[in-house]
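One structure below.
Residues take their numbers from the sequence shown, with the count starting at 1. Note that the structure is predicted; figures quoted are calculated from it, not measured. Atoms considered below: every heavy atom in the structure, side chains included; atoms not considered: hydrogens, waters and symmetry mates.
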Amino acid sequence: MDQLLNQEEREFAQHMRDFYRTEIPEAIRYKVATGQEMGKDDLVTTQRILNKHGYAVPNWPVEWGGQDWTPVQRHIWLEEMQLACVPQPLAFNASMVGPVIAAFGSQEIKERFLPATANIDIWWSQGFSEPDAGSDLASLKTSAVRKGDVYIVNGQKTWTTLGQYGDWIFMLVRTDPTVKKQAGISFLLIDMTTPGVTVRPIELIDGSVEVNEVFFDNVEVPVENLVGEENKGWTYAKFLLGNERTGIARIGTSKVNLARAKAYAAMTRTSRGTLLDDPMFSARLTKLEARLTALEFTQLRILSTQVAGNDQPDPRSSVLKLHGSQLQQDITELLVDVLGPQGLDFIEAPATADGFTDLPTASVDAIRDYFNYRKVTIYGGSSEVQRGIISKAILGL
């Protein structure tokens, strides 16, 4: 990537590279590098270190902890983080609710929530999807009926990622059922300890709990927890999703995972030597590397035409989301194919390598991630939705 940057950007990249490798505990980065699960404490520790140095929420306004960086510098900040195997700031805080509050919240709400959100003193959950409102999010039915100075909230949210850790949840709720579905939605903040809120885990194929169902039974929410204007929530949701999709291609992470697959292949003996010497495998690997390079070029082209400080969603981010998510899935499939039966140890086998650069004897995450990554073409707007955005907003069809 350095060859695509000017001198100032290369120096910035080196600074971030050095910071991540000296300030973030090696034990945490090693967990990421070897595919081990991150605990809540690991994520909180990392984000607080980043926030202390001003690197947790660079996309926010400067007055709330952001950085006056160019879009390319923001890209470098994120890619170098991923390349260094540093856990990213909690997306629900840093990329989702934080920017919405900063852009549309009252001064009181900003002062109340933004510092705690940046430092992860509040762990936010996302309350968007419902059993019958996933890709067609505007069909949501969870209601918020105003009675005096409170809203009474009833309904259900699903696929609430890491909701078991949530302190607060930001919600899309229906406040006016009489208008077209996009027009009657509001953006509400709810304390998850409020009576009537119930979190139920959804167990995944590997036995872990990543997502949850959240139920709301006559939950009383103060009116001052409304972000922006009533019935303007769909506008805020589109703003949030535009921010989410900008970094959702996860180019740095894909580079790390592709390098892992390549390293495993170099250790896998075949009749030709190693798996890297197999022409079919080599062609498959080269194609993935070329697609990843093309995706990075595309992202840098988009960033080079963006103006720092412009918070309007860029429809071209749908191109990054569409192709980035497909690449993530293809790379996890490659890793499973390289490991073969060894990957079946994904539930029980710990990472046993002593050194940071050594590979574990078996991948602890290959099959787990293969199944888990089926979600990446769905969350943040499914691939079908992205194609619709591209055809309308970019191609004008």
Side-chain angles (χ1 to χ4, degrees), residues 12 15-16 19-20 23-24 43-78 80-81 86-128 162 165-172 186-192 222-229 232-233 235-248 303 306-314 317 380:
F12 179 78
H15 168 73
M16 297 310 306
F19 172 82
Y20 292 135
E23 297 295 333
I24 307 302
L43 298 173
V44 171
T45 295
T46 300
Q47 183 156 336
R48 287 180 177 167
I49 292 172
L50 294 172
N51 192 48
K52 178 182 176 181
H53 291 84
Y55 296 146
V57 289
N59 55 313
W60 290 16
V62 172
E63 64 180 308
W64 299 111
Q67 295 283 351
D68 189 19
W69 286 346
T70 66
V72 173
Q73 284 176 312
R74 292 183 189 178
H75 166 73
I76 292 169
W77 162 83
L78 179 58
E80 291 296 340
M81 182 185 299
V86 172
Q88 292 177 218
L90 185 66
F92 311 113
N93 288 38
S95 303
M96 298 184 188
V97 72
V100 169
I101 291 175
F104 304 106
S106 66
Q107 185 66 20
E108 180 185 357
I109 279 186
K110 291 176 184 178
E111 293 174 357
R112 181 182 175 189
F113 288 110
L114 288 180
T117 297
N119 202 50
I120 209 167
D121 297 328
I122 295 174
W123 183 294
W124 285 96
S125 297
Q126 181 182 21
F128 276 24
L162 303 180
Y165 301 141
D167 300 307
W168 284 71
I169 184 169
F170 56 93
M171 296 268 291
L172 290 182
S186 297
F187 198 103
L188 202 58
L189 310 178
I190 301 178
D191 184 339
M192 294 184 74
V223 169
E224 58 261 30
N225 288 9
L226 176 73
V227 175
E229 299 179 44
K232 298 292 185 181
T235 298
Y236 310 150
K238 289 190 293 182
F239 173 87
L240 182 153
L241 291 171
N243 281 317
E244 181 186 8
R245 288 167 190 156
T246 300
I248 212 166
L303 292 172
Q306 290 181 334
V307 178
N310 179 12
D311 291 326
Q312 294 304 310
D314 189 333
S317 64

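The distance from atom CD of Q126 to atom CG of L162, rounded to the nearest 0.5 Å, is 11.5 Å. Between the CH2 atom in W123 and the CG atom in L43 there is a gap of 4.5 Å [rounded to 0.5 Å]. To the nearest 0.5 Å, the span separating CG on D167 from OG on S125 amounts to 8.0 Å. The CD atom of E80 lies 9.5 Å from the CZ atom of F12; values are rounded to the nearest 0.5 Å. Between the CD1 atom in I169 and the CG atom in D191 there is a gap of 11.0 Å [rounded to 0.5 Å]. One finds the CG atom of L50 at 11.0 Å from the OG1 atom of T45 (value rounded to the nearest 0.5 Å).
The shortest side-chain heavy-atom distance between F92 and Y165 does not fall under the 4.5 Å cut-off. Using a 4.5 Å cut-off on side-chain heavy atoms (C-beta onward), P89 and M81 make contact. At least one side-chain heavy atom of F128 sits under 4.5 Å from a side-chain heavy atom of L240. Side-chain contact between R48 and D121 is present, with heavy atoms from C-beta onward closer than 4.5 Å.
Residues V227 and I101 share a closest heavy-atom pair of CG2-CG1, 4.5 Å. For the pair P99 and N59, the tightest heavy-atom approach, listed with the atom from each and the gap, is CG-ND2, 3.7 Å. Smallest separation of non-hydrogen atoms from G98 and W60: CA-CZ2, 3.4 Å. Heavy atoms only, all atoms of each residue included: A118 and A56 are closest at O-CB, 4.1 Å. A pairwise comparison of heavy atoms in F239 and A103 identifies CZ-CB, 3.9 Å as the closest pair. Minimum heavy-atom separation, Q47 to N93: NE2-CB, 4.3 Å.
In this structure, F104 has its ring center no closer than 6.0 Å to that of F187.
Of the possible polar contacts, one joining the Q67 side chain to the G54 backbone as a donor-acceptor pair under 3.5 Å is found. No side-chain donor-acceptor contact under 3.5 Å links N225 to the backbone of L188. At distances below 3.5 Å, not a single donor-acceptor pair connects side-chain atoms of Y55 with backbone N or O atoms of I49.
Remark: E108 CD is loosely packed, at most 12 non-hydrogen atoms of other residues, nucleotides or ligands lying under 6.0 Å away.
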CA sep, side-chain torsions, deciding dist, call: T117, V57, side chain to side chain contact (heavy atoms under 4.5 Å, CB included): CA-CA 10 Å; T117 297; V57 289; over 6 Å; no
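Using the six-membered ring where Trp is involved, W69 and W77 have ring planes that are tilted, between 30° and 60° apart. Ring-plane geometry between W124 and W168 is classed as tilted, the angle between the planes lying from 30 to 60 degrees on a 0 to 90 degree scale.
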